[in-house]
Amino acid sequence: MFDGLKQKLRNVQEAFGSSLMAEQPSSVEPGKQKEESPPSFARKVKILVTDGELVVGEKEIRAPLQELEMVLLENDVALPVTDEILRAVRERLVGTHRRVGESPDLLVRKALRESLLQVLGKGFDLLEYCNGHKKPVRILFTGVNGTGKTTTVAKVGHYLKEHGCSVVIASGDTFRAGALEQLAIHAERVGIRVIQHQQGGDPSAVLYDAVEYAGAHGVDVVLADSAGRFHNRVNLMNQLEKMKRVMDPDLVVYVDEAVAGNDAVIRAQEFAELVGTDAVILTKADMDSRGGAAVSVAHTVGKPIMFLGTGQGYSDILPFTPELVVSELLGA
Amino acid sequence: MVLDHLGASLKDALKKLAGKTVVDRAAVEELVRDLQRALLGADVNVRLVKGLSEAIRTRSVDEQPPKGMSVREHVLRIVYQELIRLMGSTTDVSLQHQRILLAGLQGSGKTTTTAKLARYFQRKGMKVAVICADTFRPGALDQLSTLCQQIGVTCYGEPGKEDAVAIVKKGLAKLSGTEVVIIDTQGRHALEKTLIDEIIQINTVSKADHRWLVIDAALGQQASEQARRFHEAIDIDGVIITKMDGTAKGGGALSAVSETRSGIVFIGAGETIEDLERFDPDSFISRLLGMGDLKSLAERAEEAIGEQEVDVNALMRGRFTLRDMYKQLEAINRMGPLKQIMSMLPLGSLEVPSDAIDVTSTKMSRYRVIMDSMTPLELDDPNLISGSRIHRIARGAGASPEEVRELLKYFRMMQRALKGMRGGKYNVQRMMKRFSGMQ
């Protein structure tokens, strides 16, 4: 997973490294011939002489930064997020002191790592959350059409069940033809009870019934599916808001696909603003995805990524741990 | 669509260019950079964007502007040409016996598009049937057959069976009398080898005339790679973009177009079964430039309005009654969502706010309800409608008397407008003035 980004990021690291290396001899030897930026140059020499350290300048890293920009864009990191990461890396690198013998590679890797970690935030441990929370835990799934909400609900249900939680699913997609049947079959396969009404019914009522059912039967977790909707449809978003009001969920989980491009940022933001988002699940991460959407969405919403969907089976769901992902990307 | 959004950025960039006293290399460079950002923001493949900027750069320097054309115009022309090239070729959708195979990633909207396509061909008067070859996703057959039931199209599928190739084979044999057969397949991505093998087999068995790739407008850089692999497998000859009603720009589809060397055939933009539009690069570009797409509008009007329904001559004589208005509203309704129609009108750069359109279309359906509770006499002679009648109509329609009065006001305005039309150029101008005064 994320192989594309991984490979490219390593190349960029090398580029950063070599451009810093190349700079080394030129600033040690030529004394005072170059007067292009006198104050900083004088300071550089002073620091070099007194402390035996080099100062990383803006110029030396411009080319590798441009390369990094292209790499991020090619890997689906949205434009505004790319700008943000570049700014962070530049700020981290420019003006840092580096010992003469020290490898620039380490410095670059550290800066990249910190910037990425900052963007990706912390992970989210659903099991821990469920165990430490008053039962039943109510979770509402939201997102645009076709990102895989229904399948994800089944997968999360399966995951929770495997780990000893009892689960009930609310079939809140009463709009799409075949959605009820789809969820019913999924639930039957993983052995979870589904609460559903007929197609075209009020989804809020379904959610209410499911919560009532969970309370009466001592079920730990309620997972509520919802119909896919675009964030620019006022009426549908109002409906979602009503569902949220009726269900009063502990967690609102936003589901998007890992292959989405720039739009991922726009819609993640709109959903977060209109109905709130507590955690994110990215699906279809097995499509040779480049991982950019993860970076974009996490940065935009500022909420943790909880799971990655990685295939068509019920157990194809991975808890997301940022440190692991970043370490893998940068080969630390 | 990519360029809709690009339209604004493009205009900004071009305005900048127009403000420059000299159009030199630096000015071109700035224009290219602005374009790059707009295209990348719309998910167009990084390599395509690089190619485009390179082409604009070299062509504006190397090519001599034709006689009588300023450097500025020359650069603009190059930009437009390169943009049109990016849109891919024009694709033909013929109305004859054909089999269409739809392929695409999971959740890209194949099943919905299958139903929309069936509706498209049905509206053109073709005999259509669909085959559901998605044996994996639970509820897929239910979804497709429910949608097909809504439009009265035959849907072939075998619940509980797992061999998609056999289903297609049997389905085709059974549906041999239909003119257009559309095959919906399971969502798959290019790395799932068994599924790719399956679609190759379906393609061979069905001898499909068209193999269209369905692409989600939000798909990012991944689009090229996926399109390339699908193209290798079954030789894609057209691309359908779905979910264009969101905020996604659809740049991924352009990458797919370039990988498969085909063009965009249709655009799906909405949740109802009617929300499918033909795509034609020329009309699209002219729409971008604010020239409107009257060709598609006329086509649609022809489909929706039967001949004897609106008596144009009576209208021109000024005999316009509420009954005529009712028919008009119905016809407009049949032409599809108002939003689509509006986008085809030559409104230039005039931006119609989308909530205004939403209000108008709900209002139109309200008007029809109100007219439904009028007597035939009232419909023929609106002057009959007095205060007490207004109250009766309002009660009958569950509306307020104000709404009924508003409807009558709207009707009088239409009537006056049509009377004005009869009187030649001067009156038309006055009418335009009246309309613009209303906005």
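Since this is a predicted model, take the numbers as computed values, not measurements. Quick note on labels: first sequence line is chain A, next is B, and so on, each numbered from 1.
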Hey, which of B:Glu192, B:Gln143, B:Arg47, B:Lys50 has the most heavy atom pairs under 4.5 Å with chain A? B:Gln143
Which atoms of A:Ile266 come close to chain B, meaning under 4.5 Å heavy atom to heavy atom: side chain ones, backbone ones, both, or neither? side chain
Evaluation steps, side-chain contact (heavy atoms from CB on, under 4.5 Å), between B:Leu195 and A:Gln312: CA-CA 12 Å; B:Leu195 286 176; A:Gln312 308 230 51; 3.9 Å; yes
Side chain, backbone, both or neither of A:Ala260 within contact of chain B (heavy atoms, under 4.5 Å): both
Please output the residues of residues 184-194 of chain A in contact with chain B, using a heavy-atom cutoff of under 4.5 Å, in numerical order. A:Ile185, A:His186, A:Arg189
With a 4.5 Å cut-off on side-chain heavy atoms, are A:Glu257 and B:Asp216 touching? yes
If you compare all heavy atoms of B:Gly139 against all heavy atoms of A:Glu181, which two are closest, and at what distance to 0.1 Å? CA-CB, 4.1 Å
Per-residue contact mode, B:Asp245 against chain A (heavy atom under 4.5 angstrom): both
Shortest non-hydrogen contact from A:Ala177 to B:Leu147? CB-CG, 4.3 Å
In short, A:Lys284 meets B:Gln106 closest at the heavy-atom pair NZ-O, 2.7 Å
Minimal heavy-atom distance between A:Leu79 and B:Leu40, with the atoms involved, is CD1-CB, 4.4 Å
Under 4.5 Å from a heavy atom of chain B, the part of A:Asn145 involved: both
Let me know if B:Gln150 has heavy atoms under 4.5 Å from chain A in its side chain, its backbone, both or neither. neither
Please look at B:Gln186 and chain A and tell me whether the side chain, the backbone, both or neither of the residue comes under 4.5 angstrom of a heavy atom of that chain. side chain
Less than 4.0 angstrom from a charged side-chain N to a carboxylate O is my criterion; do B:Arg37 and A:Asp83 meet it? yes
Within this structure, what is the CZ-OG1 distance for the pair B:Arg137 and A:Thr150, rounded to the nearest 0.5 Å? 8.5 Å
Please report the shortest heavy-atom distance between B:Gln222 and A:Asp76, naming the atom on each side. N-OD2, 3.8 Å
Is there a side-chain contact between B:Glu271 and A:Leu236, using heavy atoms and a 4.5 Å cut-off? yes
In chain order, what residues pass the side-chain hydrogen bond (donor to acceptor under 3.5 Å, both in side chains) check against B:Arg188, with sequence neighbours excluded? B:Glu198
Heavy atoms of B:Asp43 and A:Asp263 approach each other most closely as OD2-N, 4.0 Å
Pair count under 4.5 Å, heavy atoms only, with chain A: among B:Gly220, B:Pro138, B:Gly107, highest is B:Pro138
